[in-house]
Amino acid sequence: MQEVTIGIAGAAGDGLDKSGDTLARSCGRFGLHVYAYNSYQSIIRGGHIWLRVRISDRKVTCHGDKLGVLVALNQDSIERHAREVDEGGFILFNSDRIKCEESLIKKGVTLLPISMKEVTEEVAKKYGPVKPIMQNTVAMGAVMWLMGLGTEQTEEVLTDTFSAKGKEVIDMNVALLEAGYEYAKKIVSKPIFVAGKWESDKKRRPFITGNEAIAMAAYAAGCKFYAAYPMTPASTILHWMATNAKKTGILVKQCEDEISVANMAIGAGIGGVRSMCATAGGGFALMTEAVGMAGIMEVPVIFVEVQRGGPSTGLPTKTEQADLFQVFGASQGEFPRLIVAPRDIADAYASTVESFNLADKYQLPVLMMSDLLLSEHPETVDAEALSCDVKVERPEYIKEWDAEKNGKFKRYKFTESGISPRALPGTPGACHVTASDDHDERGILISDMFTSPPVRRKIMEKRMTKVANMLKELPAPKLEGPANADVTLLCWGSTWGVVREAAELLNEKGIKTNFLCIKYIAPFHTKEVTEILSKSKKKISVEVNFTSVMAQFVKMQTGVSMDGHITKYDGEPLEPKMIVEEVEAQLASKTKDLSVSEAEAMEMAYHYLRTHALEKLRPSTLKVHSKNGSGEPVWEIELAERITNKSAGTIKIGSNTGSVIEFKQESPVNA
Amino acid sequence: MQEVTIGIAGAAGDGLDKSGDTLARSCGRFGLHVYAYNSYQSIIRGGHIWLRVRISDRKVTCHGDKLGVLVALNQDSIERHAREVDEGGFILFNSDRIKCEESLIKKGVTLLPISMKEVTEEVAKKYGPVKPIMQNTVAMGAVMWLMGLGTEQTEEVLTDTFSAKGKEVIDMNVALLEAGYEYAKKIVSKPIFVAGKWESDKKRRPFITGNEAIAMAAYAAGCKFYAAYPMTPASTILHWMATNAKKTGILVKQCEDEISVANMAIGAGIGGVRSMCATAGGGFALMTEAVGMAGIMEVPVIFVEVQRGGPSTGLPTKTEQADLFQVFGASQGEFPRLIVAPRDIADAYASTVESFNLADKYQLPVLMMSDLLLSEHPETVDAEALSCDVKVERPEYIKEWDAEKNGKFKRYKFTESGISPRALPGTPGACHVTASDDHDERGILISDMFTSPPVRRKIMEKRMTKVANMLKELPAPKLEGPANADVTLLCWGSTWGVVREAAELLNEKGIKTNFLCIKYIAPFHTKEVTEILSKSKKKISVEVNFTSVMAQFVKMQTGVSMDGHITKYDGEPLEPKMIVEEVEAQLASKTKDLSVSEAEAMEMAYHYLRTHALEKLRPSTLKVHSKNGSGEPVWEIELAERITNKSAGTIKIGSNTGSVIEFKQESPVNA
Amino acid sequence: MATVTELPVETFKGPVDPDWCPGCGDFGVLKSIQEAAAKNGIKPENLMVVSGIGCSSNLPGFINSYGVHSLHGRSVPVATGVHLANTDMKVVIVGGDGDGYGIGVGHLIHAMRRNLDVTYVVMDNQIYGLTTGQTSPTSGIGHKTKSTPLGNIENPINPLALAMISGATFVARGFSGEQKLLADTIAAAMMHKGFSLVDTFSPCVTYNKINTYPWFKERVYKLEDTGFDPTENLYKSLEKSYEWDEKIPLGILYKHEMPTYEDGELALKKGALVKQSLEIDKAMYKSLVDELI
Amino acid sequence: MATVTELPVETFKGPVDPDWCPGCGDFGVLKSIQEAAAKNGIKPENLMVVSGIGCSSNLPGFINSYGVHSLHGRSVPVATGVHLANTDMKVVIVGGDGDGYGIGVGHLIHAMRRNLDVTYVVMDNQIYGLTTGQTSPTSGIGHKTKSTPLGNIENPINPLALAMISGATFVARGFSGEQKLLADTIAAAMMHKGFSLVDTFSPCVTYNKINTYPWFKERVYKLEDTGFDPTENLYKSLEKSYEWDEKIPLGILYKHEMPTYEDGELALKKGALVKQSLEIDKAMYKSLVDELI
Ligand SMILES: Cc1ncc(C[n+]2csc(CCOP(=O)(O)OP(=O)(O)O)c2C)c(N)n1
Ligand SMILES: Cc1ncc(C[n+]2csc(CCOP(=O)(O)OP(=O)(O)O)c2C)c(N)n1
Ligand code: SF4
Ligand code: SF4
Ligand SMILES: [Mg+2]
Ligand SMILES: [Mg+2]
């Protein structure tokens, strides 16, 4: 098995997503597996973007924690990531504009400064000036050499990408690619890998994000109405839907707000079409009132909630899994609904199709939970996982109703299954009102004139009966990994991907580990999960949030407490080694150290410098002082000028609180 | 000890709330304790209103389950409630308009038909025509006789009530009261009670609703801003606030919707005043996004969520406790907040004051959960419980900031306690932005340009630290009743009142019972509650909802499962005997029978007749048939004409599902 | 235009009687909608009445047709969804002034600028009825209500002007006390292609003691009697919408032909969504997957 | 009127530099607000800038004053709360067209009919910037965006007409490319007593390739140059608000003196709420309890 991770770092607007895409698709066409993650900010130009593309000859389910090659598109990217490149790795940068201090890199790392001016000189002569963004193609060429892959697939991809722009543009890009490739070949005699060693199965796989998979699945499942209001990280579903509306025939509606989105989607559901909407946590907060309406009205409709860093506007472009209770508690009162959280892109596809079918069958809203990582990261998946030959199961509707013969139509007939016959609006003879007030079998309100406690009791029971029936047809979660493990990891959603790899690493290390991923949140497989967890030894939840919400939730359903929690809530996804280390620490009963680490102190100093317009400085050395007047030990960080390396002052940061306690430049200033 | 419950039934607009108020306040002035509950509909005129006023010479905490006197203001009220009057009780009605079939009453019940025309003849001569609504005063007079109380207090109350309308009106009402009193005295020689037997302490107690208590507490606590959008059962807080705005100086703002309410209240909190808003479940759903904003911004503000029958619009005027997870899960992401659920009116007062203090101290939103029963029912409480001498604890704010000397002001300074210094807008030198995006110590965003995972980690920890500190100062819940009980009842909110009485009854019956009422939902006293519950034997939750949400929640916090659940979800509150019977059944391991009872079948038949404009009919006899073609046993209900008692057809109701399976009148019609 | 077969008004008699207070203006509105549907020959199964929450929003329960009784303030988006799913049905939105101009005004504006082909009848009683009498966005300055015991201090909304400048293409005013005119106005609104708003005075006899039947009776007059042409000039129509204290015009204030949202929406070119097949074009789908490789 | 002591513009220099795309129209708006505040002599601690969410809504972070960066679409209610709590501060609301006229338009209308004494500067770029370029309520018909790749089919809102008929008493239009005029307009808006709306063209250089600087430059003209009197006649002002395709007026379109919400609000008679004592009148409180007996 062979794998490498390429990191591309720069600012928004530097075009690095395009480059990453080219790289990934080249590898995908080569028959390799790719998993990419883009760490970006809520900003259109500038800021810092950090894209990691992991390439492997077997399926990988997270972006990992290695860094083989860093392509740095600006100076800040060097400051931030040079240290992360593993031994044996390379750092590529435009040496016309960027410098990399030797002090910033690990030993065994090779710098590959590319003078873009020189390298692209020939191309520029032939095709005209090379725009900064095009220089990325040069870097891609160099990367292809370092990976031991040819340029053939990449040329193909570039040809497809620029097909609309004509031959000239294609040729220019190909020429830049080759220039980079040749340049690297010249400088780096031995690439990281040898091509032949990549165990490719030569299967060409689509490179797709979670959101694209959800959108495509909706189309395949017969969705006819999609409403949305833009919100990261759900917007790309809207973009897919809008871009392809002409082809799919789906009515795609950007509404004035999420309240409108939810209510319109429900309206379309009442009208009789398969209907979906998606948003992030903040938008979903606005939809919750409508969710309950769909519940009491028994309307099939799909809500997708893509979680991002909270609370509130929080970290709009960062990943988190902290909305479980918002979704579980959505809307006042009690009503049946399905809550499902797919774990990867293929599962997102399948779950979307299943959601439409279950919504229709049980006449209820489905809340699908995703997260930024799952929804926005692209990955190569087998084309079969995106098949359009899905089962589309719609129940029979009443086509015409003879009230003379059969009595008045009862839209909410009390049945043993809880499912009532449905006649869509437009059906002759079956007129009825779909109401958010509670009602009797015919839909007549029992909240006003016709109050009736026993009717209320029975309609509540009718509705809630559907839950138990639905649970029977949902597959119970299964323990993955060895049966009698020392450690059982509990996870949900996209965290499955990294937990799977961490478990593998732990098993390799001799710590027998298995893991349980919860997909169906409501209804919940209480019996099966209780059984699994009560047999487990050391149970540790792994979640990207602060309060281990799934662990709490599982405890509520099963009574079983975890023995430990692994959490991350800084906006970045978990990585396998973090989990491994934390599991080891917990097995050794170490308590979690929340103090500021050296690397963190460094980053906090960088943050201070950036936000105080002192970007010309850089933290150089640091040491801990105990107490020091501020009531806690402090990190004392020496500052140096970025260019001259001249000492420039100090910053003191509380090692418990992380507070910047003091800042001294020339003349002392308290911060 | 002596007690009696008076039931007054009629339609909306019949003025029975006024009468109930007069009755209650008369008894309150007599030094008796009163607890009233009004069961009404979301309708302005007509429908059915059912007010029960329980009067006792010791404190009672629920409306109980006895009925000593029924005052029926229309025929429908006789049909609905005549059967409920206990042996020894009385039924009063205007015999000019209403009839009561002997078949409808229990034996030992006395009918007291009042010919209003005759009884008010003298008064009408003297004061002019007696309006229908004034006849209630006659009935009140009769009730006072039956209760063995004089008319003195009632005359006082009438004098106060009509003081603005002048002596003529007062005199007329007093005359009507006395006419009723004298009439009853003439007919009923022996009233239910003898006056001397009422063990009154002669203390005059205010008769107040939960909402009024919350509003008054807010004023006492220094609230300066109240925003609201009308919504039952929270509206009466707005009404109190608006009515008294001139006196209190509180700025009372009716907004265009609940989103505006929440955001305005938060705005006022940022501005620096004590600020509150209230709504019901549906309105709160719209507020949730803002709740998270208050969390991340660390703004003190109070949200009151008054639960009512859900889901969705549901049963707007009925009580329920099913919004726990909506409130717990309110808003995306994780942030500190206090969630508190007072259990009675005095507690609602105290909790409101405490909420303001804690919100200010910990700089966080407080979510106070009430329910329709608690908020809308009036009760006599000791005047001391509504004292204005409350502790108003505001932290010190920065008055002026010298940035030259102290560095830039850090609104979100990372501190060990998690509480940061606060400078209100307007403070010289301390300019900062209060943002819903996550931010660093100074409030500078870390979501855009200045992304910084360690800063994010530390601000999350700073905020969440407040939770543990706050928990330390909240009193832990205590077990009430005998220490080593056979049964422990778990409850929350207004259900405390009825559980307390049920426990008393159970103990009297020899079933040793204690109970635990959960008041603080977040943060939660995990240690203390776990300790209490793990020692408890048979644990049964008692809640007015379907899914026993507090039991689920407690399981999540403690891992302890209940052994049984008592639930009610038909819109009406629990009554002590229901709980007693269910506890006995559960102790005897009987499974709960969800089939339609005889009384329910009767009521369902009534419902069918009402909604099919067949109100001239009445269900007469009923029996169960097994299966009968519909797949389930059915209730077969004979119908009779209300007036002639002539047989008029049959209704068949499924005894499991409650579905109306067949209806036959003259010519057979399937329903 | 297809010939219309009128239906008997009784066709639309609802399953239960209205539970409004005796004398409530909403009775006249219900009757008018029933008459308008009958006159336009819309069969009950092809009529969809969508409401929010409020006294007035109970209306769908009292008419024989399909109906949605949705959330407070959300009738417009719900109706938009139902309508777009099945454009073969005639959609009439109904509700109160609080529902439509208070909490729901944002949706209303956006629906109007879309010129969605639906009719909206607002039962404007200048009060919150169902919640027992608080101020509404059409309550006048000084109006004393439960929430403004010292008198309302906010200027009322002018819903007609709002509609005209937002893009509604049929703007009218009705009065429950002029029931025949109201029925005709609603009938015309239903036949209009595009968004039609009929702001209708529908007195709340229980909570609004100011804007009563007599109050309106003294002031209203029929625009059609004056020869006013609603299609002539936006500014003249706007001027009419501001007449209030002394005289208040009834009838159609503004009318304008414009493309509707439905005209522009590609997905509807193949007919009502609900009648389209769920089958997808597999070859096209495959090409979408291929694009990702 | 008290004499104004102008402040140096630098007083308002924010803690960090704006993170907008180079060339973004919002830079000019920021500068104009800073200049307006300086000109009006409002000290940083007495200035409160409140925004929603969007590129434009990041503005409070870039000015030295108090600020609230609230939720998408909620700047107006949040600002209302902050303002009512402390009426001694000058409140300027800022944000985008999506924020203000899309999701937030309901709040806006109600704030305007209250004639709340605040200034609202909308950075109208006819696009959703921060979410990377979807259609906005001011995008023109046919505008191709990420969410309308075949062209927008909804009529744009006319925010100025909306403001005029809703009750705003100062309605103006600015253009980031006419920065001096914009600064003057905002300065006048801030000094106006009542609700002032300054709809400001603030081109999004990244996502809106239609409504660009040149596009505006070709069309805009200054109203003041034409001798137009914004106080004269509502209908004339409305007519101006409809000028679009060929020429677009800049400056004050409408101005009208009216009592403000604050004038009518009893609780403010004793001054800013935040400065009032928390002590209550105990005797009065006792009488309230007594009423319940
Ligand atoms: C989200 C939400 N907020 C508040 C309510 C309570 N509510 C019900 S009807 C209503 C207003 C009624 O006024 P209007 O719309 O004018 O209708 P009317 O009763 O006057 O016909 C309100 C505030 C609700 N149902 N939902
Ligand atoms: C409730 C909610 N929905 C959606 C979003 C996502 N969102 C952020 S900014 C924005 C629109 C930005 O457009 P505009 O207000 O015009 O500001 P601009 O970026 O163009 O300045 C949206 C939809 C959000 N933050 N909150
Ligand atoms: S309260 Fe008013 S609006 Fe409601 S039904 Fe009665 S009269 Fe009509
Ligand atoms: S995306 Fe547009 S609005 Fe946003 S900062 Fe860039 S240019 Fe300005
Ligand atoms: Mg109304
Ligand atoms: Mg914009």
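Note on naming: letters A, B, ... go to the chains in the order of the sequence lines (proteins, then strands), and numbering restarts at 1 for each one. All values reported here derive from a predicted model rather than from experimental measurement.
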- Message: Does any backbone or side-chain atom of C/Leu268 lie under 4.5 Å from a heavy atom of chain A? Answer side chain, backbone, both or neither.
- Response: side chain
- Message: Less than 4.5 Å to any heavy atom of chain A: does that hold for the side chain of C/Asp17, its backbone, both, or neither?
- Response: neither
- Task: Please flag which part of A/Ser387 lies under 4.5 Å from any non-hydrogen atom of chain C: side chain, backbone, both or neither.
- Result: backbone
- Query: Going from CG on C/Leu116 to CG on C/Leu84, what distance comes out if it is rounded to the nearest 0.5 angstrom?
  - Reply: 6.0 Å
- Return the option, out of C/Leu273, C/Val82, C/Leu71, with the maximum number of heavy-atom pairs under 4.5 Å with chain A. C/Leu71
- For each of C/Met89, C/His107, C/Gln276, C/Glu291, tally heavy-atom pairs with chain A at distances under 4.5 Å, and name the one with the top tally. C/His107
- Task: Answer with side chain, backbone, both or neither: which region of A/Met297 has an atom nearer than 4.5 Å to a non-hydrogen atom of chain C?
- Result: side chain
- When the 4.5 angstrom heavy-atom criterion is applied to C/Ser51 and chain A, the contacting part is neither
- Query: Checking salt bridge (Lys or Arg N to Asp or Glu O under 4.0 Å) for the pair A/Glu256/C/Arg114: CA distance, chi angles, key distance, verdict?
  - Reply: CA-CA 11 Å; A/Glu256 62 273 17; C/Arg114 288 175 194 131; 2.7 Å; yes
- Query: Which atom names give the shortest non-hydrogen contact between C/Ser202 and C/Asn125, and what distance separates them?
  - Reply: O-CB, 3.1 Å
- Item | Structural part of C/Val16 lying under 4.5 Å from a heavy atom of chain A | side chain
- Please determine, among A/Gly271, A/Gly429, A/Gly249, A/Gly426, the option with the most heavy-atom pairs under 4.5 Å with chain C. A/Gly426
- Query: Using a cut-off of under 4.5 Å for heavy-atom pairs, which of A/Thr380, A/Asp160, A/Asp21, A/Ile259 has the most such pairs with chain C?
  - Reply: A/Ile259
- Does a side chain donor of either A/Glu289 or C/His72 reach within less than 3.5 Å of an acceptor in the other side chain? no
- Query: Between C/Thr260 and C/Asp263, is any side-chain donor less than 3.5 angstrom from a side-chain acceptor?
  - Reply: yes
- Going by the side-chain contact (heavy atoms from CB on, under 4.5 Å) test, name the single residue among A/Val381, A/Ile208, A/Leu386 that passes it with A/Tyr349. A/Leu386
- Query: Taking the six-membered ring for Trp, are A/Trp240 and A/Tyr219 parallel (under 30°), tilted (30 to 60°) or perpendicular (over 60°)?
  - Reply: tilted
- chain A: which of C/Asn46, C/Val289, C/Val76 shares the most heavy-atom pairs with it under 4.5 Å? C/Val289
- Would you mind checking which part of C/Ile53 comes under 4.5 Å of any heavy atom in chain A, side chain (CB onward), backbone (N, CA, C, O), both or neither? side chain
- Do you know which of A/His439, A/Arg25, A/Met449 has the most heavy-atom pairs under 4.5 Å to chain C? A/Arg25
- Among C/Asn115, C/Asp117, C/Thr169, find the residue that satisfies the side-chain contact (heavy atoms from CB on, under 4.5 Å) test when tested with C/Lys193. C/Asp117
- Item | C/Asn86, part contacting chain A, at a heavy-atom distance under 4.5 Å | side chain
- Note on the structure: Applying a strict 4.5 Å limit to non-hydrogen atoms, the region of A/Asn244 in contact with chain C is side chain
- Item | Proximal component of C/Glu279, with respect to chain A [non-hydrogen, under 4.5 Å] | neither
- Kindly compute the distance separating OG1 (A/Thr352) from CD1 (A/Ile214), expressed to the nearest 0.5 Å. 5.0 Å
- Item | Closest-packed option against chain A by number of heavy-atom pairs under 4.5 Å, given C/Asp19, C/Ile280, C/Asp88, C/Ile63 | C/Ile280
- Below 4.5 Å from any heavy atom of chain C, which atoms of A/Ala24 appear? Answer side chain, backbone, both or neither. neither
- Can C/Val94 and C/Met123 be said to form a side-chain contact (heavy atoms from CB on, under 4.5 Å), step by step? CA-CA 7 Å; C/Val94 299; C/Met123 285 162 260; 3.6 Å; yes
- Item | C/Phe62, part contacting chain A, at a heavy-atom distance under 4.5 Å | neither
- Task: Mind ranking C/Ala267, C/Pro77, C/Ala85 by heavy-atom pairs under 4.5 Å with chain A and telling me who comes out on top?
- Result: C/Pro77
- Taking atom CD of A/Glu379 and atom CZ of A/Phe207, what is their separation to the nearest 0.5 Å? 9.0 Å
- Query: Would you say C/Lys269 has more than 12 foreign heavy atoms packed within less than 6.0 Å of its NZ?
  - Reply: yes
- Task: First locate atom CD1 of C/Ile127, then atom CG of C/Asn208, and finally report the distance between them rounded to the nearest 0.5 Å.
- Result: 5.0 Å
- Contact summary for A/Ala242 and A/Val252, nearest pair of heavy atoms: N-CG1, 4.1 Å
- Note on the structure: Turns out that what part of A/Ile296 lies under 4.5 Å from chain C's heavy atoms comes down to neither
- Quick one: which of A/Gly222, A/Ala435, A/Ala245 has the most heavy-atom pairs under 4.5 Å with chain C, could you say? A/Ala435
- Cut-off 4.5 Å, heavy atoms of chain C, and the answer for A/Ala227 is neither
- Item | Audit row: A/Glu156, A/Arg204, salt bridge (Lys or Arg N to Asp or Glu O under 4.0 Å) steps and yes/no | CA-CA 13 Å; A/Glu156 236 187 84; A/Arg204 292 159 74 100; 3.1 Å; yes
- Message: I need the residue from A/Ala383, A/Ala430, A/Gly292, A/Cys223 with the largest number of non-hydrogen atom pairs under 4.5 Å to chain C.
- Response: A/Ala430
- Query: Between A/Ile270, A/Leu445, A/Asn263, which residue shows the highest count of heavy-atom pairs closer than 4.5 Å to chain C?
  - Reply: A/Asn263
- Message: As an exercise: rank C/Ile109, C/Thr80, C/Val49, C/Leu47 by heavy-atom pairs under 4.5 Å with chain A and give me the winner.
- Response: C/Thr80
- Query: Given that the side chain runs from C-beta out, which part of C/Leu266 has a heavy atom under 4.5 Å from chain A: side chain, backbone, both or neither?
  - Reply: side chain
- Task: Report yes or no: do C/Thr119 and C/Ser196 form a side-chain donor-acceptor pair below 3.5 Å?
- Result: yes
